[in-house]
Amino acid sequence: PDPNMVEFYTSGRASNEAAFLYQLFGREYGTNNFPDCSNMCHEATSVGLPMSIGIGKGTVSLDDFEHCELIIAMGHNPGTNHPRMMGTLHEASRRSVPIIVFNPLRERALERFTDPQNAVEMASFGSTPIASSYYQVKVGGDAAALKGIMKALIALDDGADPASAVLDHEFIAAHTNGFDAFAADLRATEWLPIEAASGLSRDALESVAAAYAKSNATIVSYGMGITQHAKGTSNVHQIANLLLLRGNFGKSGAGICPLRGHSNVQGDRTVGVTEKPSAALLAGIERVFGFKPPPLHGHDAVAAMQAIIDRRSKALICLGGNLAVALPDPAQCHRAMRALDLAVHIGTKLNRSHLLVGKQSFIFPCLGRTEQDMQATGPQSITVEDSMSMVHASSGKLRPASEQLRSEPAILAGMAHATLPNSKVLWLDLIDDYERIRDAIEAVFPDFKDFNNRIRIPGGFRLPLPPT
């Protein structure tokens with residue numbers, strides 16, 4: 001059968017080790033069909049940011065939040081979805097850092113927050129104000145709001161003398177292209193359509209521009225309220241443009257911060273889970289493993305489900321996740337998945353997608369991260385990459401729920417070993433010691449230089465980020 005009749009879906013909770021083996025399995029099998037959960041959340045970041053700054057990742061670290069002078073938070077609700085970020089905003093607010101929020105709804109935690117680890121706040125029923133300014137932007141009006149802020153910023157700069165310029169003209173000249181045309185477009189755009197599209201007044205947007213102009217180090221954080229739109233990529237471009245105008249890349253306390261959900265959604269993409277493999281990735285796999293992976297682009301999540309609906313794809317392997325529920329139009333998705341010739345699910349718990357039984361279906365329960373993973377050389381650790389591009393390791397300590405449970409890497413390697421009898425990859429040897437998997441990741445991706453030694457450092461290490 002045609003290898004492109006199989007879809008290899010990935011959830012962002014899979015470790016770097018599991019994700020690397022998974023994409024290697026799929027590519028040696030002969031396909032680049034790698035739909036994954038990031039197609040439905042931060043695809044606009046993965047596509048838009050490289051166009052703006054050359055890399056599809058955020059540029060800030062947690063340390064930058066300790067040195068910023070302004071935070072602009074757009075399209076996210078950290079009180080519910082990003083508790084680690086909630087703590088960071090809480091700390092910043094207590095240092096009197098202005099936090100400007102753009103969100104259609106007034107979220108309780110963005111207005112004020114009680115830190116459960118703060119004994120005084122808990123004992124006194126107190127809280128800390130979070131947003132210094134809260135703007136209820138119209139749904140879908142983020143790009144218009146950003147354009148209004150930048151239009152006001154250009155006007156401030158036009159009215160300033162050279163010694164007190166609002167824009168960082170030296171940075172713009174050295175690190176950007178197309179500024180003159182961009183500025184001309186901003187000047188030519190009338191305020192009325194900006195106000196109508198954003199749902200915000202000119203005065204409000206000029207107030208944000210004034211606050212931004214005063215800040216020497218600004219971070220813009222954003223979530224899926226920015227990316228899950230037909231114009232999500234344009235939204236990301238506009239955020240990057242706003243930061244570029246005042247040189248808020250490559251310095252302490254400044255940069256762009258896309259907030260991701262699953263614990264390793266960024267790492268999975270870094271180690272090769274993508275339907276559009278780069279030439280460097282394909283060359284690296286061929287150099288290290290001795291087979292030539294397919295060069296043609298495969299399916300993302302939407303294209304994969306459409307292929308399943310059309311019966312062009314007959315098999316689906318899910319490394320975690322709940323694909324049928326995550327995608328829109330569940331009626332079509334459920335009906336299509338029930339018609340699959342083969343459905344394979346690897347997961348830590350049951351979900352609705354597992355109930356959509358095809359002609360032949362398998363559910364492989366796997367070890368959770370908190371459970372001890374014993375292989376031939378002893379207990380193993382796995383790694384993830386967080387939203388700040390920090391790579392760190394973790395090892396499960398709990399006794400597994402069953403002695404029959406296998407880890408995600410072990411299940412994937414076993415499947416690949418059984419499916420590819422003439423494989424160039426020593427699948428079972430890789431599973432005996434996960435350091436061998438990490439050595440292979442390092443060989444394919446030079447950014448992981450000295451991988452196994454660096455993850456032994458408390459806190460792990462940060463992958464290179466050229467824009468920083």
Side-chain angles (χ1 to χ4, degrees), residues 1-40 262 264-265 268-269 271-275 277 293-294 297-327 333-334 336-367 405-421 423 425 427 430-431:
D2 182 355
N4 290 311
M5 295 168 70
V6 182
E7 306 291 347
F8 287 79
Y9 176 72
T10 316
S11 163
R13 68 157 182 77
S15 66
N16 288 327
E17 291 74 15
F20 180 76
L21 293 183
Y22 195 49
Q23 62 85 30
L24 193 63
F25 174 22
R27 291 196 164 99
E28 191 175 20
Y29 183 70
T31 186
N32 283 315
N33 287 348
F34 287 104
D36 79 298
C37 63
S38 71
N39 297 145
M40 296 168 281
H262 285 303
N264 201 39
V265 64
D268 289 352
R269 183 63 63 92
V271 299
V273 174
T274 173
E275 77 282 2
H297 290 177
H299 294 158
D300 61 14
V302 174
M305 185 53 69
Q306 190 60 56
I308 293 171
I309 291 169
D310 296 342
R311 299 289 291 138
R312 289 180 285 112
S313 289
K314 305 295 183 67
L316 171 67
I317 304 173
C318 289
L319 180 56
N322 191 1
L323 178 60
V325 173
L327 280 168
C333 295
H334 291 187
M337 287 179 64
R338 288 191 181 99
L340 284 164
D341 289 351
L342 174 66
V344 179
H345 297 276
I346 302 167
T348 54
K349 62 181 180 181
L350 293 172
N351 63 50
R352 180 58 189 265
S353 293
H354 299 163
L355 300 177
L356 304 173
V357 179
K359 293 178 183 177
Q360 194 167 25
S361 296
F362 296 91
I363 299 174
F364 296 137
C366 66
L367 292 172
L405 286 175
R406 297 186 182 186
S407 69
E408 284 181 320
I411 291 171
L412 294 171
M415 289 171 59
H417 179 72
T419 304
L420 306 169
S423 177
V425 181
W427 295 102
L430 290 172
I431 294 308

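Heavy-atom basis, side chains included; hydrogens, waters and symmetry copies ignored.
Distance alone, capped at 3.5 Å, is enough to place a donor-acceptor pair between the Tyr22 side chain and the Tyr9 backbone. Judged by distance alone, with hydrogens and angles left aside, the side-chain atoms of Asn39 form a donor-acceptor pair with the main-chain N or O of Ala301 at under 3.5 Å. Checked by atom type and distance alone, the side chain of Arg352 never pairs as donor or acceptor with a backbone atom of His334 at under 3.5 Å. Asn351 places a side-chain N or O within donor-acceptor distance of the main-chain N or O of Gly321, the cut-off being under 3.5 Å. At least one donor-acceptor pair under 3.5 Å links the side chain of Gln23 to the backbone N or O of Phe20. The main-chain N or O of Pro294 is found under 3.5 Å from a side-chain atom of Asn32 such that the two form a donor-acceptor pair.
For the atom pair Leu323 CG and Ile308 CD1, the distance stands at 6.5 Å (nearest 0.5 Å). In this structure, the separation between CD on Glu28 and CG on Leu420 is 5.0 Å, given to the nearest 0.5 Å. With values rounded to the nearest 0.5 angstrom, Ser407 atom OG is found 5.5 Å from Ile431 atom CD1. Rounding to the nearest 0.5 Å places CD of Glu17 at 8.5 Å from CG of Asn264. With rounding to the nearest 0.5 angstrom, the NE2 atom of His345 is 9.0 Å from the CG atom of Leu355. The OG1 atom of Thr348 lies 10.5 Å from the CG atom of Leu367; values are rounded to the nearest 0.5 Å.
The pair Lys314-Asp2 does not count as a salt bridge, with every side-chain nitrogen at least 4.0 angstrom from each carboxylate oxygen.
Across all their heavy atoms, Ala324 and Met337 have their closest contact at CB-SD, 3.5 Å. Between Thr31 and Asn33, the shortest heavy-atom distance links the atoms OG1-N, 3.0 Å. In terms of heavy-atom proximity, Val6 sits nearest to Tyr29 at CG2-CE2, 3.7 Å. Considering all non-hydrogen atoms of both residues, Val265 and Ser38 come closest at CG2-CB, 3.6 Å. Scanning both residues, Glu7 and Ser313, for their nearest heavy atoms gives OE2-OG, 2.6 Å. Minimum heavy-atom separation, Leu340 to Ala315: CD2-N, 3.9 Å.
Contact of the Val344 side chain with the Met415 side chain is registered, since non-hydrogen atoms from C-beta on lie closer than 4.5 Å. Looking at His297 and Pro277, their side chains come closer than 4.5 Å, going by heavy atoms from C-beta outward. You'll find the side chain of His299 stays beyond 4.5 Å of the side chain of Gln306, heavy atoms only. No side-chain heavy atom of Leu316 sits less than 4.5 Å from a side-chain heavy atom of Met305. Put simply, the side chain of Val273 does not reach to within 4.5 Å of the side chain of Leu319, judged on heavy atoms.
Asn322 meets the side-chain hydrogen bond (donor to acceptor under 3.5 Å, both in side chains) test with Ser353; sequence neighbours excluded.
In this structure, Phe8 and Phe34 have tilted ring planes: the angle between them lies in the 30° to 60° band.
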Step-by-step side-chain contact (heavy atoms from CB on, under 4.5 Å) determination, Leu24 to Trp427: CA-CA 10 Å; Leu24 193 63; Trp427 295 102; 3.9 Å; yes
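Residue-environment remark: CZ (Arg406) stays at or below the threshold of 12 foreign heavy atoms within 6.0 Å.
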